[in-house]
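Let me begin by presenting the structure, written as structure tokens, before commenting on it.
Bear in mind the structure is a predicted one, so any value in this text is a computation, not a measurement. Numbers here are sequence positions counted from 1. These values consider heavy atoms only, across backbone and side chains, with no hydrogens, waters or symmetry-generated copies.
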Amino acid sequence: MIVSWNSTNKCNMYCKHCYRDAGMQAEQELSTLEAKELINEIAKAGFKIMIFSGGEPLMRPDIYELVNYASKLGLRSVLGSNGVMITREVAKRLKASGAMGVGISLDSLNAKKHDEFRNYNGAWRETVLGMKNCRDEGLPFQVHTTVMLWNRDEILDLTDFAVGMGAVAHHTFFLVPTGRGEDIENESLTPEMYEELLRAIMMKQKNVDIELKPTCAPQFMRIAREMEMNLRYGRGCLAGTSYCIISPIGDVQPCAYLNMPIGNIRKNKFSEIWRDNKIFKELRTLEYKGKCGVCKHKKACGGCRARAAFYNNGDYMAEEEWCQYSNS
């Protein structure tokens with residue numbers, strides 16, 4: 001089970017697709033004490049992996065203390081970062097604090113395109129340097145890429161780049177129009193392109209030693225099965241079943257791209273929200289509508305609940321229209 005905490009809304013970039021609309025620090029972000037109580041509750045609820053994300057988590061002054069606290073409770077602590085703040089010293093401190101890895105975002109092999117997408121001059125150079133610093137300090141890292149029309153032809157080359165840099169994985173995030181991402185919805189892949197790229201990624205997985213994982217593209221599980229591949233994952237979309245996210249001010253929602261706060265940890269204990277919330281319970285029934293409801297792959301795939309909601313007036317149990325599969 002995985003939980004992601006947006007530890008701060010503060011960020012040194014202004015990325016075009018940011019689901020959190022990060023930039024300025026949010027008012028009343030969780031204090032160090034509140035964050036530690038949240039971490040206690042996350043461990044109590046049975047989660048195994050805790051992602052410290054943002055904004056940019058390294059802009060939170062107590063991040064090393066909190067990573068260390070989570071690690072001592074037995075949680076596998078990892079970070080999601082844009083990478084530009086990861087100096088050798090930062091990588092060393094993260095590792096000493098108990099961090100088990102860092103996901104670093106890189107969206108193009110073309111520095112100009114990456115910098116423009118991230119609205120940060122020099123982002124590509126500094127991000128790659130952050131990867132090198134992790135590698136040199138022995139801190140595992142993986143490359144995260146958001147897939148859009150303009151970079152879809154680079155994805156497999158970015159995998160090769162990740163291999164060359166010494167990354168342990170390359171995770172591809174398929175754009176879901178949430179937050180600032182709504183403004184670039186027209187840059188999403190077509191359903192046909194989506195299916196084609198998923199197949200290419202799964203084929204690529206047969207030829208590289210690092211882990212390749214599409215995110216917000218649960219159909220990769222069905223495709224992997226069709227290709228007789230044995231992946232370590234049990235399910236595509238995890239929203240509300242074995243994953244959720246918590247905002248900088250304590251709002252809980254089923255996933256990063258399903259923008260619907262369903263409780264707040266300042267009002268109710270996180271473990272109780274996770275156990276008892278009616279939306280979580282509904283997601284766990286897998287009683288989807290339309291073709292997702294009758295699909296023989298629904299237990300392995302589940303359809304992207306966030307994309308289903310976006311294109312069906314907020315109905316997170318609706319069918320996902322991007323999927324090209326039919327039982328017939």
Side-chain angles (χ1 to χ4, degrees), residues 2 17 49 51 78 80-83 100-111 113-114 117-118 124 127-128 130-132 134-135 139-176 187-238 243 256-257 295 297 300-304 306-307 320 322-325:
I2 306 170
H17 68 307
I49 300 173
I51 304 170
V78 296
S81 173
N82 58 44
M100 299 299 290
V102 185
I104 300 178
S105 299
L106 190 72
D107 301 297
S108 178
L109 293 175
N110 183 305
K113 289 181 179 181
H114 178 78
F117 185 63
R118 297 278 165 177
W124 194 94
T127 294
V128 173
M131 294 178 189
K132 292 178 180 176
C134 288
R135 181 189 65 200
L139 177 62
F141 73 93
Q142 59 191 45
V143 176
H144 290 173
T145 302
T146 297
V147 182
M148 290 156 292
L149 285 174
W150 62 267
N151 69 349
R152 70 184 180 97
D153 292 332
E154 293 189 63
I155 301 305
L156 302 186
D157 291 334
L158 278 159
T159 294
D160 291 335
F161 180 82
V163 171
M165 288 296 297
V168 297
H170 182 205
H171 288 196
T172 44
F173 291 73
F174 286 71
L175 182 66
V176 179
E187 296 183 28
S188 297
L189 273 60
T190 66
E192 294 77 15
M193 293 174 180
Y194 175 76
E195 180 89 3
E196 179 184 4
L197 182 55
L198 286 179
R199 290 189 178 278
I201 291 171
M202 290 297 96
M203 185 62 70
K204 185 74 169 179
Q205 179 67 89
K206 293 184 176 183
N207 299 307
V208 295
D209 292 331
I210 70 171
E211 174 188 89
L212 306 185
K213 183 180 182 297
T215 300
C216 299
Q219 290 79 13
F220 84 92
M221 290 293 295
R222 180 252 305 166
I223 292 169
R225 288 184 172 190
E226 292 172 350
M227 298 172 66
E228 299 183 343
M229 297 174 65
N230 293 317
L231 304 180
R232 69 181 181 89
Y233 307 104
R235 183 168 167 78
C237 182
L238 306 179
Y243 170 81
Y257 307 99
C295 182
H297 297 289
C301 171
C304 176
R307 196 173 288 112
E320 188 195 335
W322 266 26
C323 184
Q324 296 287 287
Y325 181 76

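- The ring pair (Phe, Tyr, Trp, His ring centres under 6.0 Å) search around Tyr257 returns Tyr19, not counting sequence neighbours.
- Counting heavy atoms from C-beta outward, Ile210 and Val168 have side chains that stay 4.5 Å or more apart.
- We find the SG-CD distance between Cys237 and Glu320 to be 8.5 Å, quoted to the nearest 0.5 Å.
- Annotation for Met131 and Val143: closest pair CE-CG2, 3.8 Å, computed over non-hydrogen atoms.
- Of all the heavy atoms in Leu109 and Glu154, the pair that sits closest is N-OE1, 2.7 Å.
- For Met203, the CE atom sits in a loose shell: 12 or fewer heavy atoms of surrounding residues, nucleotides or ligands are nearer than 6.0 Å.
- The side-chain contact (heavy atoms from CB on, under 4.5 Å) with Val147 is formed by just one residue from the set Leu158, Ile201, Thr172; it is Thr172.
- For the pair Glu187/His17, no side-chain contact is recorded, criterion being any heavy-atom separation below 4.5 Å from C-beta on.
- His144 meets the ring pair (Phe, Tyr, Trp, His ring centres under 6.0 Å) test with His171, Phe173; sequence neighbours excluded.
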**OP:** Give the C-alpha distance, both sets of side-chain angles, the deciding distance and a yes or no for side chain to side chain contact (heavy atoms under 4.5 Å, CB included) between Lys113 and Asn151.
**Re:** CA-CA 9 Å; Lys113 289 181 179 181; Asn151 69 349; over 6 Å; no

Original post:
Going through the checks in order, is the side chain to side chain contact (heavy atoms under 4.5 Å, CB included) test met by Arg222 and Cys323?
Top reply: CA-CA 11 Å; Arg222 180 252 305 166; Cys323 184; 3.8 Å; yes

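- Within a 6.0 Å sphere centred on CZ of Arg225, heavy atoms belonging to other residues, nucleotides or ligands number 12 at most.
- Here CE of Met193 is found 11.0 Å from OG of Ser188. Values are rounded to the nearest 0.5 Å.
- Scored by the ring pair (Phe, Tyr, Trp, His ring centres under 6.0 Å) test, Tyr194 finds Phe174, Trp322 as partners (sequence neighbours excluded).
- In this structure the side chain of Asn110 never reaches within 4.5 angstrom of the side chain of Trp150, judged on heavy atoms.
- A distance of 6.5 Å separates CG of Leu212 from CE of Met202, quoted to the nearest 0.5 Å.
- Separation of atoms OG1 (Thr146) and CD1 (Ile155) is listed at 9.0 Å; rounding is to 0.5 Å.
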**OP:** Would you please test Glu192 and Gln324 for side chain to side chain contact (heavy atoms under 4.5 Å, CB included) and show each step?
**Re:** CA-CA 7 Å; Glu192 294 77 15; Gln324 296 287 287; 3.8 Å; yes

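- Annotation: the span from Asn207 atom CG to Thr159 atom OG1 amounts to 11.0 Å, rounded to 0.5 Å.
- Annotation for Arg307 and Val176: closest pair NH2-CG2, 3.5 Å, computed over non-hydrogen atoms.
- Between the CD1 atom of Ile223 and the OH atom of Tyr325 there is a distance of 11.5 Å, given to the nearest 0.5 Å.
- For the pair Leu198 and Gln219, the tightest heavy-atom approach, listed with the atom from each and the gap, is CD1-CB, 4.0 Å.
- The side-chain contact (heavy atoms from CB on, under 4.5 Å) test applied to Met100 returns Arg76, Val78, not counting sequence neighbours.
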**OP:** Would you check, one step at a time, whether the test side chain to side chain contact (heavy atoms under 4.5 Å, CB included) holds for Tyr233 with Leu238?
**Re:** CA-CA 10 Å; Tyr233 307 104; Leu238 306 179; over 6 Å; no

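- Taking 4.5 Å as the limit, every side-chain heavy atom of Lys204 sits out of range of all side-chain heavy atoms of Arg199.
- Remark: Glu196 pairs with no residue by the salt bridge (charged side-chain N to carboxylate O under 4.0 Å, His left out) rule, at least two apart or across chains.
- Across every non-hydrogen atom of Phe161 and Leu106, the tightest pair is CE2-CD2, 3.6 Å.
- Applying the salt bridge (charged side-chain N to carboxylate O under 4.0 Å, His left out) criterion to Asp157, with sequence neighbours excluded, gives no partner residue.
- The two residues Gly303 and Pro218 make their nearest non-hydrogen contact at C-CG, 3.3 Å.
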